[in-house]
Participant: 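One structure is given below, represented as structure tokens, and several questions about it will come after.
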Amino acid sequence: MPRVFYALWPDGPARDALDRARREAQRTSGGRAMRRDNLHQTLVFVGSVDAEKISALETVAGSIAAAPFTLEFGAAGYWRHNRIVWAAPGAMPPALTGLVTALEQELTQAGFTFDHRSYFPHVTLLRNARMPTHLPSMLFAWPVREFVLLESARGPRGAEYRVVKRWALTG
């Protein structure tokens, strides 16, 4: 059964900036680095679904009208309870809040269950990390022009994320 979630998938410059922050953080806190090609920002985690329900998830996403926006990254932190080092935008743009809310509403109307949590936009950089002696410094803009449905699968190098489908933000 595929495990799926909606996410923001960084473009090349944003992925490069996140990768630099990841490498900087790992020097002081160790841990298991997220692979460069897996870096993403989750919007809504759906979880395990029957393969035949993927088309319904595509329909849900296709019904969303949302405007493009820019994430201004400048924050990093550490969650002691799960030993994660993360990077985040300094502020949550209203368009991002609207996108997450719209996805959750459409998923609920379509009868899907999903992970209901207060939304905190972030990109996981490291797992199983020690408390960093220094958090990465980063200031970069990520122009968000699309969102994706990702499938998580186990591969020879651990979790591998595959883009199932993309939707442009044009609202």
Side-chain angles (χ1 to χ4, degrees), residues 1-11 14-15 17-19 21-22 25 31-49 53-54 56-58 60-64 66-79 81-108 110 112-129 136 138 140-155 157-169:
M1 213 178 315
R3 290 183 45 167
V4 296
F5 55 98
Y6 296 103
L8 302 179
W9 197 241
D11 62 7
R15 191 171 297 280
L18 289 164
D19 189 51
R22 176 188 61 89
R32 184 171 49 87
M34 295 295 293
R35 288 199 333 263
R36 182 185 187 283
D37 55 341
N38 275 356
L39 294 169
H40 68 280
Q41 182 172 302
T42 300
L43 296 170
V44 179
F45 184 79
V46 179
S48 297
V49 297
K53 292 192 175 184
I54 298 293
L57 290 170
E58 292 174 1
V60 163
S63 69
I64 304 295
F69 54 91
T70 298
L71 293 174
E72 300 285 345
F73 271 73
Y78 177 74
W79 286 322
H81 72 282
N82 56 6
R83 301 177 59 208
I84 285 177
V85 175
W86 49 265
M92 180 128 148
L96 175 56
T97 303
L99 176 58
V100 171
T101 300
L103 282 167
E104 290 176 341
Q105 288 172 346
E106 292 297 320
L107 284 166
T108 298
F112 283 96
T113 58
F114 54 91
D115 194 4
H116 290 276
R117 291 186 186 178
S118 296
Y119 187 69
F120 176 73
H122 71 282
V123 176
T124 298
L125 301 175
L126 302 171
R127 295 185 184 280
N128 302 320
M138 71 188 108
F140 70 93
W142 172 359
V144 178
R145 304 294 176 253
E146 68 177 6
F147 70 101
V148 299
L149 179 63
L150 291 177
E151 179 181 341
S152 175
R154 282 275 165 223
R157 299 185 305 160
E160 295 180 2
Y161 300 142
R162 180 182 68 84
V163 175
V164 175
K165 192 163 181 177
R166 301 172 183 270
W167 292 270
L169 297 174

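Scope of the values below: all heavy atoms of this structure, side chains included, with no hydrogens, waters or symmetry mates.
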Participant: What I'd like to find out is whether the side chain of Pro10 reaches to under 4.5 Å of the side chain of Leu18, using heavy atoms alone.
Facilitator: yes

Participant: So, Arg145 side chain and Phe69 main chain: donor-acceptor pair closer than 3.5 Å or not?
Facilitator: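 Yes; at least one donor-acceptor contact below 3.5 Å.
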
Participant: If I take atom CD from residue Glu146 and atom CG from residue Leu8, how far apart are they, to the nearest 0.5 angstrom?
Facilitator: 9.0 Å

Participant: Quick one: sort the His116 and Phe114 rings into parallel, tilted or perpendicular, breaks at 30° and 60°.
Facilitator: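 Tilted: the ring planes of His116 and Phe114 meet at 30° to 60°.
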
Participant: Please find out if less than 6.0 Å separates the ring center of Tyr161 from that of Trp9.
Facilitator: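 That pair fails the under 6.0 Å test.
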
Participant: Passes side chain to side chain contact (heavy atoms under 4.5 Å, CB included), Phe112 versus Glu106? Steps please.
Facilitator: CA-CA 9 Å; Phe112 283 96; Glu106 292 297 320; over 6 Å; no

Participant: If you measure from OG1 on Thr124 to CD on Gln41, what distance do you get to the nearest 0.5 Å?
Facilitator: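 Interatomic distance, Thr124 OG1 to Gln41 CD, rounded to 0.5 Å: 10.0 Å.
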
Participant: Please check: side-chain N/O of Arg22 versus main-chain N/O of Ala33, any donor-acceptor pairing under 3.5 Å?
Facilitator: no

Participant: To the nearest 0.5 angstrom, please state how far the CG atom of Leu103 sits from the CD1 atom of Ile64.
Facilitator: 4.5 Å

Participant: Should the pair Trp79 and Trp86 be assigned to parallel (<30°), tilted (30 to 60°) or perpendicular (>60°) ring geometry?
Facilitator: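 Tilted.
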
Participant: Please name the pair of heavy atoms, one in Tyr119 and one in Leu43, separated by the smallest distance, quoted to 0.1 Å.
Facilitator: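 Nearest pair, atom of Tyr119 first, then Leu43: CE1-O, 3.4 Å.
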
Participant: What distance separates Met92 CE from Glu72 CD, expressed to the nearest 0.5 Å?
Facilitator: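 Between atom CE of Met92 and atom CD of Glu72 there are 15.0 Å.
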
Participant: In Å and rounded to the nearest 0.5 Å, what is the CZ to CZ distance from Arg83 to Arg32?
Facilitator: 11.0 Å

Participant: Measure the OH-CG distance between Tyr6 and Leu150 for me, rounded to the nearest 0.5 Å.
Facilitator: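 The distance works out to 11.0 Å.
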
Participant: Is a side-chain donor or acceptor of Arg36 paired with a backbone partner of Arg15 at a separation under 3.5 angstrom?
Facilitator: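 Here the side-chain-to-backbone pair does not exist.
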
